[in-house]
Asker: 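Input: one structure, supplied below.
In this chain, numbering begins with 1 at the start of the sequence shown.
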Amino acid sequence: MSIKKHIPNAITCCNLFSGCVACVMAFTGEFEYAMLFIVLGAVFDFFDGMVARLLGVSSPLGVQMDSLADDITFGLAPATVIFSFMKNMLVYPAFLGKLVAVLPYFAFIIAVFSACRLAKFNIDKRQTTSFIGLPTPANALFWSSLIVGGKDWLLGLEYAWALILGLIFVFSYFLISEIRMFSMKFKNLSWRSNKVRYIFIIVSLPMLVLGYLAPVAIISWYLALSVALSMKRIKRA
């Protein structure tokens, strides 16, 4: 039995392992390490499919494993980061009363909608060259970046709890929305074929100076550009 057909699935397992460790780091309040393992999981997620195609060993089993791993690394892990931050660090106003004990659990809505997004991706044949809805890795990077980079700002914000809850619902919508979002796959290097991608990269580069908050800015820019392009296509139709 050739060992090469197991290589992509082994990489996927590394993604899953990274997501599990990220969850543990989140529960213990080590958000920087949680973000690190989410990023590491994204690296493994990028390479498992690429390796499967290069070796010619793509399989239905690999597709299912990939989705299961992704919901842990890009669904449960960022949800756990939000939950841990809301439960153990965030300060709530007195008028919320007993709701304070309940609100952190809304974070796991992210994991639920991530699973819906991944299941939808598996059966949607329209997503070969672009995405329909926000990809789960982008969503996970946004949330881990927001908590790690914006922690001090959020703790000083009176209504941070309301902002986080609002963002949970907004990003849950983006995950399963019908908004077409461009991918970063280059078929060639021409400006005409990749104008949107080049503009996205050019505007994103200065955002890297934001450090931990860079993914928040870059993914927000990605969403804004995708929504603008989608509205433009609707007007043309």
Asker: Could you pull out the closest heavy-atom pair between Met207 and Ala214, with the gap in Å?
Answerer: O-CB, 3.4 Å
Asker: How close do Glu30 and Thr28 get, counting heavy atoms only, and between which atoms?
Answerer: OE2-OG1, 3.1 Å
Asker: May I ask you to test the Leu118-Phe121 pair for a side-chain heavy-atom distance under 4.5 Å?
Answerer: no
Asker: Return the set of residues passing side-chain contact (heavy atoms from CB on, under 4.5 Å) with Val43 (not counting sequence neighbours), or none when no residue passes.
Answerer: Phe47
Asker: Going through the checks in order, is the side chain to side chain contact (heavy atoms under 4.5 Å, CB included) test met by Leu205 and Ile202?
Answerer: CA-CA 6 Å; Leu205 285 174; Ile202 291 168; 5.7 Å; no
Asker: Please collect all side chain to side chain donor-acceptor pair (under 3.5 Å) contacts where either partner lies in residues 155-169, sequence neighbours excluded, each pair once.
Answerer: none
Asker: For residues Ile72 and Phe46: do they belong to one hydrophobic cluster (side chain heavy atoms under 4.5 Å, members Ile, Leu, Val, Met, Phe, Trp, Tyr)?
Answerer: no
Asker: Do Leu155 and Val91 share a hydrophobic cluster (ILVMFWY, side-chain heavy atoms under 4.5 Å, transitive)?
Answerer: no
Asker: Which is it for Lys120 and Ile132 under the side chain to side chain contact (heavy atoms under 4.5 Å, CB included) test, yes or no, and what are the steps along the way?
Answerer: CA-CA 9 Å; Lys120 182 180 176 182; Ile132 306 295; 4.1 Å; yes
Asker: Could you give all pairs that pass the side chain to side chain donor-acceptor pair (under 3.5 Å) test and reach residues 217-231, with sequence neighbours left out?
Answerer: none
Asker: Under 3.5 Å, side chain of Ser114 to main-chain N/O of Thr136, donor-acceptor pair present?
Answerer: no
Asker: Any chain of hydrophobic side-chain contacts (each under 4.5 Å) joining Leu175 to Leu76?
Answerer: no
Asker: Residues sharing Val209's hydrophobic cluster, by side-chain heavy-atom contacts under 4.5 Å among ILVMFWY, directly or via others?
Answerer: none
Asker: What's the separation between atom CG in Leu163 and atom CH2 in Trp153, rounded to the nearest 0.5 Å?
Answerer: 5.0 Å
Asker: Measure the CG-CG distance between Leu16 and Asn9 for me, rounded to the nearest 0.5 Å.
Answerer: 11.5 Å
Asker: Show the nearest heavy-atom pair for residues Ser193 and Ser190, with the distance to one decimal.
Answerer: OG-OG, 3.0 Å
Asker: Listing request: all side chain to side chain donor-acceptor pair (under 3.5 Å) pairs with a residue in residues 14-23, at least two apart in sequence or in separate chains.
Answerer: Asn15-Asp70, Asn15-Thr73
Asker: Is there side-chain contact between Arg197 and Ser183, with heavy atoms separated by less than 4.5 Å?
Answerer: yes
Asker: Please tell me if the side chains of Pro78 and Ile38 come closer than 4.5 Å, counting only heavy atoms from C-beta onward.
Answerer: yes
Asker: Let me confirm one number: the CG-NZ distance from Leu96 to Lys98, rounded to the nearest 0.5 Å.
Answerer: 14.0 Å
Asker: Using a 4.5 Å cut-off between side-chain heavy atoms of Ile, Leu, Val, Met, Phe, Trp and Tyr, which other residues end up in the same hydrophobic cluster as Leu68?
Answerer: none
Asker: Should Leu165 and Leu134 be regarded as members of a common hydrophobic cluster, given that ILVMFWY residues are connected when their side-chain heavy atoms come within less than 4.5 Å of each other, either directly or indirectly?
Answerer: yes
Asker: Measuring from atom CG of Asp71 to atom OG of Ser67, what distance do you get when rounded to the nearest 0.5 angstrom?
Answerer: 9.0 Å
Asker: Measuring only between side-chain heavy atoms, which start at C-beta, is Phe74 closer than 4.5 Å to Arg117?
Answerer: no
Asker: Once ring pair (Phe, Tyr, Trp, His ring centres under 6.0 Å) is applied, do any residues pair with Phe83, and if so which ones, sequence neighbours excluded?
Answerer: Tyr105, Phe108
Asker: Please say yes or no: joined through hydrophobic side-chain contacts below 4.5 Å, possibly via intermediate residues, are Met35 and Leu213 part of one cluster?
Answerer: yes
Asker: Of all heavy-atom pairs between Ala34 and Met25, which one has the smallest distance, and what is that distance?
Answerer: N-CB, 3.6 Å
Asker: Tell me the salt bridge (charged side-chain N to carboxylate O under 4.0 Å, His left out) pairs involving residues 201-216, sequence neighbours left out?
Answerer: none
Asker: Applying ring pair (Phe, Tyr, Trp, His ring centres under 6.0 Å), name anything that partners Tyr198, two or more places apart in sequence or on another chain.
Answerer: Phe186, Trp191
Asker: At what distance, to the nearest 0.5 angstrom, does CD1 of Ile110 lie from CZ of Phe171?
Answerer: 8.0 Å
Asker: Should Phe17 and Phe44 be marked as a ring-ring contact (aromatic ring centres under 6.0 Å, His included) after you check the CA-CA gap, both sets of side-chain angles, and the distance that decides it?
Answerer: CA-CA 10 Å; Phe17 181 83; Phe44 288 126; 9.2 Å; no
Asker: How close do Lys87 and Tyr92 get, counting heavy atoms only, and between which atoms?
Answerer: N-OH, 4.5 Å
Asker: Run the numbers on Ile179 and Leu223 for side chain to side chain contact (heavy atoms under 4.5 Å, CB included), then give the verdict.
Answerer: CA-CA 10 Å; Ile179 300 171; Leu223 281 171; over 6 Å; no
Asker: Side chains of Leu154 and Met89, heavy atoms from C-beta outward: is any pair under 4.5 Å?
Answerer: no
Asker: Do Val100 and Leu103 touch side chain to side chain, with heavy atoms closer than 4.5 Å?
Answerer: no
Asker: Identify every side-chain donor-acceptor pair in residues 138-151 under 3.5 Å, counting partners at least two apart or on other chains, and give the distances.
Answerer:
residue	atom	partner	partner atom	Å
Asn139	OD1	Trp143	NE1	3.3
Ser144	OG	Ala140	O	3.0
Ser144	OG	Leu141	O	3.3
Ser145	OG	Tyr212	O	2.3
Ser145	OG	Val216	N	3.4

Asker: What residues, two or more places apart in sequence or in another chain, satisfy ring pair (Phe, Tyr, Trp, His ring centres under 6.0 Å) together with Tyr33?
Answerer: none
Asker: Starting from the C-alpha separation in whole Å, work towards a yes-or-no answer on side chain to side chain contact (heavy atoms under 4.5 Å, CB included) for Asp45 and Asp48.
Answerer: CA-CA 6 Å; Asp45 183 53; Asp48 61 2; 4.1 Å; yes
Asker: Would you please name every residue forming a side-chain contact (heavy atoms from CB on, under 4.5 Å) with Ile109, sequence neighbours left out?
Answerer: Phe106, Phe113, Ile168, Phe169, Ser172
Asker: How many angstroms lie between atom OG of Ser84 and atom CG of Leu90, to the nearest 0.5 angstrom?
Answerer: 11.5 Å
